[in-house]
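Within every chain, numbering begins at 1; the chains are lettered A, B, ... in the order of the sequence lines, protein sequences first and strands thereafter. In this text the structure is predicted, and so the values were computed from the model without any measurement.
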Number of protein chains: 2
Amino acid sequence: MTPVDTAPAGGAPPAAPRLTAAGRRTRDRIVRTAADLMFRKGVAGTSIPDVQQAASVSASQIYHYFGDKSELVRAVIRHQLERTLDGQRPLLERLDSIEALRAWCAAAVEVQEQRGCTGGCAVGSLASELAESCEAMRGDLVAAFDRWEAPIRDGLRRMRQNGTLTAEADVDRLATAMLAAIQGGLLLTQVRRSTEPFRAATDAAIGYIETFTA
Amino acid sequence: MTPVDTAPAGGAPPAAPRLTAAGRRTRDRIVRTAADLMFRKGVAGTSIPDVQQAASVSASQIYHYFGDKSELVRAVIRHQLERTLDGQRPLLERLDSIEALRAWCAAAVEVQEQRGCTGGCAVGSLASELAESCEAMRGDLVAAFDRWEAPIRDGLRRMRQNGTLTAEADVDRLATAMLAAIQGGLLLTQVRRSTEPFRAATDAAIGYIETFTA
């Protein structure tokens, strides 16, 4: 297996070995368990023995599937991105109006309320902790944010096509601004234990997008 | 000394013992050194022996000034906030027009460019790592973001008073949205190693504020 630390920035993760159904279930359980531990205690605060104990697997099983901790962390980045997108996919994939943008953000507010505003963004927390750790991981984080930004940009592009937004609307920049508002809003919401910062941030981003309505 | 873990949320930090000039210099050196290490390696990745070695002090000196690691971390939060504000104070304290907002953000872009977009926001990184660690630290982070937001809000209030913004402008919400754009923009700028996300995020926030111009 390619050592992760020497993988190129943004390079594809090493191909997973062919797994049996049972092997895939074990691998998935390890990733889910590691993701939950890292979400609560940070990557640095989560050791392989912690994962081993919580997932009820042996150390050799973890190393069989992941080679080393950084490979497991890279799998966790992909897992947390998918989990984050899964939660918002129905609304995220149907952004075609200002109202749809507002409904998507309102659903995120509800999720935060259910959690008592704890935890922040699973992907954002990983990004903050790991952006300087190694180029391969930073590449994974770039890919994760790109994958999140793409459906936002697609939605804005649909809005430009359906006449909601004018031709002047730079959908790439607007999508980035929207994602940044979400990230900054979630961090302040986590710290302040209030959904108000997230709402203020996303209302402003949507309000700015609205200045490009036809 | 009050154990930090039991201090109330947002409670005042324990009063620093009266220090001689030499004592204050040593204490400051410990905080600066710890801040630099924690900025590069995270709080979890920085041990008291690491700080001790890098600051050329004994463990007992660190414990004399700080009691325990979490008290040192709380001092680091205050230090990083002050350092962050110091860098932008001249522009931050004179926000009185849309142009002044733009100049303030342009200066932040320049800082990011000088750093090759590495490191992100020192305060934001601490917030992401520590928001769930204990209520006292979360309280310190709330105080840090409040202190950062206050001059933004004051600037927007001046803009409302001098007729730049209309009476409808909710300066509290706009200041929060601006700070969130900065935080989210810095995180994406760090991950993508490009100032474009920060510029897109802050241009959008300022563009939204501009919708309230008279």
Side-chain angles (χ1 to χ4, degrees), chain A residues 9 39-46 118-121 124-133 138-139 141-142 144-146 149 170 172-193 196-211, chain B residues 9 39-46 118-121 124-133 138-139 141-142 144-146 149 170 172-193 196-211:
Chain A
F39 183 61
R40 285 188 288 116
K41 300 163 43 172
V43 174
T46 303
T118 61
C121 172
S125 304
L126 288 168
S128 179
E129 183 171 359
L130 301 170
E132 309 300 334
S133 64
R138 189 178 69 75
L141 295 164
V142 169
F145 282 130
D146 285 354
E149 196 173 283
D170 181 337
D172 295 286
R173 290 202 98 206
L174 292 175
T176 301
M178 190 75 231
L179 183 58
I182 290 170
Q183 286 299 314
L186 284 176
L187 181 66
L188 294 181
T189 276
Q190 177 185 17
V191 168
R192 291 180 172 163
R193 295 288 193 255
E196 171 53 20
F198 181 84
R199 287 187 282 116
T202 53
D203 281 354
I206 296 173
Y208 181 62
I209 292 169
E210 239 182 328
T211 66
Chain B
F39 183 60
R40 285 188 289 116
K41 300 163 43 172
V43 174
T46 303
T118 61
C121 173
S125 304
L126 288 168
S128 179
E129 183 172 359
L130 301 170
E132 308 301 333
S133 64
R138 189 178 69 75
L141 294 164
V142 168
F145 281 129
D146 285 352
E149 197 174 283
D170 182 337
D172 294 286
R173 291 201 97 206
L174 292 175
T176 300
M178 189 76 230
L179 183 58
I182 289 170
Q183 285 300 313
L186 284 176
L187 180 66
L188 294 181
T189 277
Q190 177 184 18
V191 168
R192 291 181 172 163
R193 295 287 192 256
E196 171 52 20
F198 180 83
R199 286 186 283 117
T202 53
D203 282 354
I206 296 173
Y208 181 62
I209 292 170
E210 238 181 329
T211 66

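Contacts of T211(A) with chain B are made by side-chain atoms alone, with heavy-atom separations under 4.5 Å and no backbone atom involved. Both the backbone and the side chain of L141(A) have a heavy atom closer than 4.5 Å to some heavy atom of chain B. At a 4.5 Å heavy-atom cutoff, D172(A) makes no contact with chain B through either its backbone or its side chain. Neither the backbone nor the side chain of A205(A) has a heavy atom closer than 4.5 Å to any heavy atom of chain B. Of the two parts of E129(A), neither the backbone nor the side chain holds a non-hydrogen atom closer than 4.5 Å to a non-hydrogen atom of chain B. For a residue to count as touching a neighbouring chain, one of its non-hydrogen atoms must lie under 4.5 Å from one of that chain's; by this rule L179(A) touches chain B with backbone and side chain alike. Contact annotation for E149(A): only side-chain heavy atoms (C-beta onward) come within less than 4.5 Å of a heavy atom of chain B.
Counting heavy-atom pairs closer than 4.5 Å to chain B, the top-ranked of the candidates F145(A), Y208(A), F198(A) is Y208(A). Ranked by heavy-atom pairs under 4.5 Å with chain A, the first of S125(B), A204(B), A177(B) is A204(B). Across G45(B), G119(B), G42(B), the residue that shares the most heavy-atom pairs under 4.5 angstrom with chain A is G119(B). Between chain B and the options E210(A), R199(A), M178(A), heavy-atom pairs under 4.5 Å are most frequent for R199(A). Per-residue counts of heavy-atom pairs under 4.5 Å with chain B were compared for S128(A), A127(A), A201(A); the largest is that of S128(A). Note on R40(A), R193(A), Q190(A): by heavy-atom pairs under 4.5 Å with chain B, the leading option is R193(A). Contact tally against chain B (heavy-atom pairs below 4.5 Å) for I206(A), T118(A), L188(A), V142(A): the top residue is L188(A).
Between A131(A) and V191(B), the shortest heavy-atom distance links the atoms CB-CG2, 4.2 Å. Residues T176(B) and P197(A) come closest through the heavy atom pair CG2-CA, 3.6 Å.
To the nearest 0.5 angstrom, D203(A) atom CG is 4.5 Å from R173(B) atom CZ.
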